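Counting convention: from 1, in listed order, for ligands and their atoms alike. Keep in mind that this is a model prediction, so the values were computed, not measured.
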Amino acid sequence: MTISGAWRRTARGAGLLADDGSVAASIFAEMSALAARTGALNLGQGFPDEDGPPEVLEAAQRAIRDGVNQYPPGRGMPVLRAAIAGHQKRFYGLDLDADSEILVTAGATEALAATLLALLEPGDEVVTFEPFYDAYGGLIALAGGIHRTVPLRAPGSVTETFQPDLDVLRAAVTDKTRLILVNDPHNPTGAVFTAETLTLIVELAHRHDALIVTDEVYEHLTFGARHIPISTLPGAWERTVTISSGGKTFSTTGWKVGWLSGPAALVTAILAVKQFLTYVNGAPFQPAMAVGLDLPDSYFSGIAAVLKAKRDTLATGLTRAGFTIALPQGSYFIVADARPVGYTDGAQFCRALPGLAGVVAVPISAFCSPDHRAEYASLVRFAYCKTTDVLTRAAANLATLSPA
Ligand SMILES: *Cc1c(COP(=O)(O)O)cnc(C)c1O
């Protein structure tokens with residue numbers, strides 16, 4: 001029997017099933033297995049190795065004890081939708097109607113999947129920056145869309161970050177573009193986009209009648225550069241779906257509670273798809289996320305300050321080791337160029353790194369379309385959302401790498 005389906009259109013899908021029916025490992029799975037096998041420090045996958053705020057964890061335990069264990073409402077529990085509305089008002093001055101303009105989802109991932117399936121017709125073009133979060137390529141393909149990318153250019157010095165060429169962005173968005181999907185702060189590069197770039201995205205969306213979808217899961221993890229949700233810019237709200245999640249903000253990536261907001265008509269169209277994906281999820285985690293979103297401002301500034309110190313610990317180690325790095329302005333990740341330490345192939349370097357320095361990283365090529373991997377071949381991503389002890393040891397190990 002031939003096993004086929006829409007998944008075959010995805011970049012990994014093409015090579016996902018081996019002839020013997022086994023599943024080919026992604027580079028993420030391969031690197032995590034390598035970390036487990038060698039005992040190397042795992043700076044590959046982007047999950048924190050410390051628990052989030054105790055009040056949030058306790059609220060989930062209390063909800064389970066209190067019997068919050070059955071299907072919540074399709075749009076999400078009222079207490080969480082009210083907390084999301086309160087959060088968008090407090091941090092961004094947005095006034096949302098919690099009944100019609102907010103939808104709770106199974107993580108940002110389901111919000112992205114339902115949004116793309118709801119808003120794309122087969123053949124519609126979607127523009128993203130590249131490198132891109134790996135799920136984007138898969139989800140666009142599953143929805144029958146055509147993926148166009150705008151490269152983020154590697155910076156010339158450590159004080160710069162990856163940014164797009166605005167003329168290339170202008171050329172990429174055309175009347176065939178249905179949707180511009182923007183991840184800001186950006187995984188894997190740590191870039192925070194400038195107001196000029198965000199304003200141009202809104203302008204282009206108007207000119208070509210495109211929608212904007214934003215992935216803001218790192219909204220509270222920026223270091224100096226202020227996060228600007230595109231939906232707050234003039235003319236943006238009516239055509240923008242804003243997506244976030246509690247996983248990164250509250251160190252609860254395993255809970256998979258996310259949300260989206262936007263004009264009621266768009267949210268309703270997305271709900272029509274979402275009801276047939278998960279229907280609902282995570283009942284006891286929803287009131288706990290509400291507790292998190294209601295935490296005082298000091299919690300949110302505190303996590304950014306702690307993460308900034310971790311970024312600096314790892315950045316210092318990488319620089320001492322001889323890597324060229326781009327100092328990230330946000331997110332969990334630093335991108336380093338392995339050429340100065342003697343490697344032109346990031347994937348090969350990542351396979352060697354546990355033996356060389358007892359550290360695991362992932363190659364940036366895993367975040368690129370097959371046609372563009374060569375341009376990013378020597379770059380690797382290190383996660384610094386780890387304990388200070390792990391980062392200090394990783395930095396010390398990396399510093400022993402001798403430059404070629
Ligand atoms: C982690 C991550 C997600 C996934 O969020 P979930 O809430 O776990 O589904 C989405 N986008 C980006 C850029 C991420 O880094």
Could you go step by step and tell me if Val104 and Arg81 meet the side-chain contact (heavy atoms from CB on, under 4.5 Å) rule? CA-CA 7 Å; Val104 175; Arg81 281 185 280 123; 4.0 Å; yes

What are the distances between nitrogen or oxygen atoms of ligand 1 and protein nitrogen or oxygen atoms, counting only those under 3.5 Å?
{"from": "ligand 1", "atom 1": "7 (O)", "to": "Ala108", "atom 2": "N", "distance (Å)": "2.8"}
{"from": "ligand 1", "atom 1": "7 (O)", "to": "Ser245", "atom 2": "OG", "distance (Å)": "2.6"}
{"from": "ligand 1", "atom 1": "8 (O)", "to": "Lys256", "atom 2": "NZ", "distance (Å)": "3.0"}
{"from": "ligand 1", "atom 1": "9 (O)", "to": "Ala108", "atom 2": "N", "distance (Å)": "3.1"}
{"from": "ligand 1", "atom 1": "9 (O)", "to": "Thr109", "atom 2": "N", "distance (Å)": "2.9"}
{"from": "ligand 1", "atom 1": "9 (O)", "to": "Thr109", "atom 2": "OG1", "distance (Å)": "2.6"}
{"from": "ligand 1", "atom 1": "9 (O)", "to": "Lys256", "atom 2": "NZ", "distance (Å)": "2.7"}
{"from": "ligand 1", "atom 1": "11 (N)", "to": "Asp215", "atom 2": "OD2", "distance (Å)": "2.6"}
{"from": "ligand 1", "atom 1": "15 (O)", "to": "Asn187", "atom 2": "ND2", "distance (Å)": "3.0"}
{"from": "ligand 1", "atom 1": "15 (O)", "to": "Tyr218", "atom 2": "OH", "distance (Å)": "2.7"}
{"from": "ligand 1", "atom 1": "15 (O)", "to": "Lys248", "atom 2": "NZ", "distance (Å)": "3.0"}

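Paired with His220 under the rule ring-ring contact (aromatic ring centres under 6.0 Å, His included), one option of Phe250, Tyr299, Phe91, Tyr332 passes, and it is Phe91.
Relative orientation of the Tyr92 and His87 rings is perpendicular, given thresholds of 30° and 60° on the angle between their planes.
Under the 4.5 Å side-chain criterion, counting only non-hydrogen atoms from C-beta, Phe132 is not in contact with Leu181.
For residues 179-202, no residue pair satisfies the salt bridge (Lys or Arg N to Asp or Glu O under 4.0 Å) rule, not counting sequence neighbours.
Proximity of a side-chain donor or acceptor of Ser301 to a complementary backbone N or O of Asp297 within less than 3.5 Å is detected.
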